[in-house]
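Side chains are part of it too, since the values below use all heavy atoms of this structure and drop only hydrogens, waters and symmetry mates. Throughout, a chain's letter reflects where its sequence line sits, starting with A, and its residues are numbered from 1.
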Amino acid sequence: MQHENFQRAVLGWFDQYGRTHLPWQKERTPYRVWISEIMLQQTQVGTVIPYFERFLARFPDVESLAESSFDEVIALWAGLGYYARARNLHRAARIIVERHRGQLPTSLEELSALPGIGRSTAGAILSLGSGIRAPILDGNVKRVLCRHRGIEGWPGNPRILEKLWELSEALTPSIRVADYNQAMMDLGATVCTKRNPGCSTCPVGRDCEAFRSGRIDAIPATKPRRTLPVKRCFMLALTNGHGAFYLEKRQNVGVWGGLWSLPEFDCEEDVYAWCGKQHIDCSNLERLPQRRHTFSHYHLDFVPLVVRTGSDHCQIGEPSLGSWLIPNETIGLPAPILKLLTEIAD
DNA sequence: AATGCGGGGGG
DNA sequence: CCCCCAGCATT
């Protein structure tokens with residue numbers, strides 16, 4: 001009964017204030033919901049929208065995605081981050097075509113077995129895409145539930161997490177499950193925000209424990225953080241004077257996996273040695289100011305070293321994982337590298 | 001259970 | 001500068 005009141009309040013709020021015109025809500029299919037959910041992992045709605053539009057224009061269905069090359073997928077993904085998502089998406093598309101006749105599975109077990117789809121994403125695909133009752137637990141839902149029930153402690157704590165899953169499962173209705181799950185995310189994104197939440201307009205603010213006890217700013221607790229380590233390197237920006245740079249394809253694992261980037265070196269001497277080996281004259285080497293790029297787990301401090309060869313056909317010896325390419329948005333460059341090369345080219 | 005994985009936006 | 005955001009895979 002308590003749960004039904006909660007559901008009724010949330011759904012009533014959704015009817016008036018919920019988001020209903022997001023791109024993946026238009027022509028709602030499991031495929032479109034799937035793509036959007038993967039892109040939305042740890043990524044804000046406003047960032048995702050242009051990527052989603054481009055991606056769907058190129059890959060309107062699972063078959064077109066499965067038939068594509070990974071290079072084309074990663075190029076459309078460049079700038080979104082968490083590139084393993086693109087790899088998993090591509091792998092999953094091929095599995096869906098080969099093992100599921102091109103249809104997304106309709107059970108939590110089968111969905112979760114696909115690369116890149118965990119418990120929450122599987123629940124979202126089922127509920128939003130097919131109206132099947134399944135709970136979700138993303139950052140928004142965690143925040144709403146933690147506050148409403150006055151749950152202290154960091155939501156990433158496995159003990160807390162399990163409690164939240166139980167709660168989400170118990171609260172999820174069997175009718176209007178798509179609207180309900182969407183409403184919970186919208187509520188977290190637009191009312192129950194991290195800072196300055198709009199408790200006065202919240203449909204469940206009257207019986208929110210955090211609001212009642214004045215703990216809104218303290219719940220949910222923040223992740224315990226250590227100071228980020230700093231990694232340093234030199235990046236060689238070798239350019240031929242005609243807008244092209246010598247770029248290397250990175251391995252499909254680790255940071256910037258599968259993207260093109262500049263050759264990296266631990267020290268400047270290694271750069272000279274490398275150039276000497278390739279018979280490249282680096283006497284005009286120009287050292288740009290150090291830049292910092294911050295990942296979620298470390299700072300990368302790198303010094304760009306610019307060498308202009310003035311030669312179109314400078315041969316780079318093996319192992320030849322490199323190519324001379326003109327940097328642009330379509331080839332799959334990390335955002336900070338694209339920014340750097342654009343500045344150098346100017 | 002802890003760690004790795006990005007980039008954009010806001011304070 | 002700091003923090004967070006529609007999480008998942010790997011170890």
Return no unless some side-chain N or O of A/Arg292 is found under 4.0 Å from OP1 or OP2 of C/dC1.
yes
Do A/Leu338 and A/Tyr82 belong to the same hydrophobic cluster, where Ile, Leu, Val, Met, Phe, Trp and Tyr are linked whenever their side-chain heavy atoms lie under 4.5 Å apart, directly or via other members?
no
The correct set of residues in residues 19-28 of chain A placing a heavy atom under 4.0 Å from DNA chain B is none
Can you name the residues that form a side-chain hydrogen bond (donor to acceptor under 3.5 Å, both in side chains) with A/Ser127, not counting sequence neighbours?
A/Asn181
Which part of the nucleic acid, if any, lies within contact of A/Ser36, taking any heavy atom under 4.0 Å across all strands shown: a base, the sugar-phosphate backbone alone, or nothing?
nothing
Is it the case that A/Arg85 and A/Asn88 place a side-chain donor and acceptor less than 3.5 Å from each other?
no
Suppose the criterion is salt bridge (charged side-chain N to carboxylate O under 4.0 Å, His left out): which pairs have a residue in residues 59-72 of chain A, not counting sequence neighbours?
A/Arg58-A/Glu72, A/Asp71-A/Lys249
Holding to side-chain hydrogen bond (donor to acceptor under 3.5 Å, both in side chains), I want the full list of residues that pass it with A/Lys231, two or more places apart in sequence or in another chain.
none
All side-chain hydrogen bond (donor to acceptor under 3.5 Å, both in side chains) counterparts of A/Thr172, not counting sequence neighbours
none
Taking salt bridge (charged side-chain N to carboxylate O under 4.0 Å, His left out) as the cut-off, I'd like each qualifying pair that reaches into residues 182-203 of chain A, sequence neighbours left out, listed once.
A/Arg19-A/Asp186
Excluding sequence neighbours, so at least two apart, what forms side-chain hydrogen bond (donor to acceptor under 3.5 Å, both in side chains) with A/Ser120?
none
Find the distance A/Ile74:CD1 to B/dG6:P and express it as a whole number of Å.
9 Å
I'd like a list of close polar pairs between nucleotides 7-11 of chain B and the protein, N/O only, cut-off under 3.5 Å.
from  : atom 1 : to       : atom 2 : distance (Å)
B/dG7 : OP1    : A/Tyr83  : OH     : 2.9
B/dG7 : OP1    : A/Trp256 : NE1    : 3.4
B/dG7 : OP1    : A/Ala335 : N      : 3.4
B/dG7 : OP2    : A/Trp256 : NE1    : 3.1
B/dG7 : OP2    : A/His293 : NE2    : 2.8
B/dG7 : O3'    : A/Gly79  : O      : 3.4

In terms of side-chain heavy atoms, does A/Thr121 have a donor or acceptor partner in A/Gln41 at a distance below 3.5 Å?
yes
Distance test, side-chain N/O of A/Thr121 to OP1/OP2 of C/dC8, below 4.0 Å
yes
Would you kindly give the CH2-to-C1' distance between A/Trp34 and C/dC8, to the nearest whole Å?
15 Å
Atom-pair distance (CG on A/Asp217; C1' on C/dC4), nearest Å
15 Å
Any protein N or O atoms within reach of nucleotides 9-11 of chain C? Criterion: under 3.5 Å, listing atom names and distances.
from  : atom 1 : to       : atom 2 : distance (Å)
C/dA9 : OP1    : A/Gly116 : N      : 2.6
C/dA9 : OP1    : A/Ile117 : N      : 3.4

Using atom types as modelled and distance alone, determine if a side-chain donor or acceptor of A/Arg143 lies under 3.5 Å from a backbone N or O of A/Cys192.
yes
Between A/Phe59 and A/Phe55, does the ring centre distance come in under 6.0 Å?
yes
Residue pairs involving residues 108-127 of chain A (criterion salt bridge (charged side-chain N to carboxylate O under 4.0 Å, His left out); sequence neighbours excluded):
A/Arg119-A/Glu162
In whole angstrom, what separates A/Leu300's CG from B/dC5's C1'?
14 Å
Which pairs count as ring-ring contact (aromatic ring centres under 6.0 Å, His included) when at least one residue sits in residues 161-213 of chain A, sequence neighbours excluded?
none
If a stem is a run of at least 3 consecutive Watson-Crick or G-U pairs, both distances under 3.5 Å, which stems include DNA chain B?
B:1-5 with C:7-11, B:7-11 with C:1-5
Distance in angstrom units between A/Asn157 CG and B/dA1 C1', rounded
10 Å
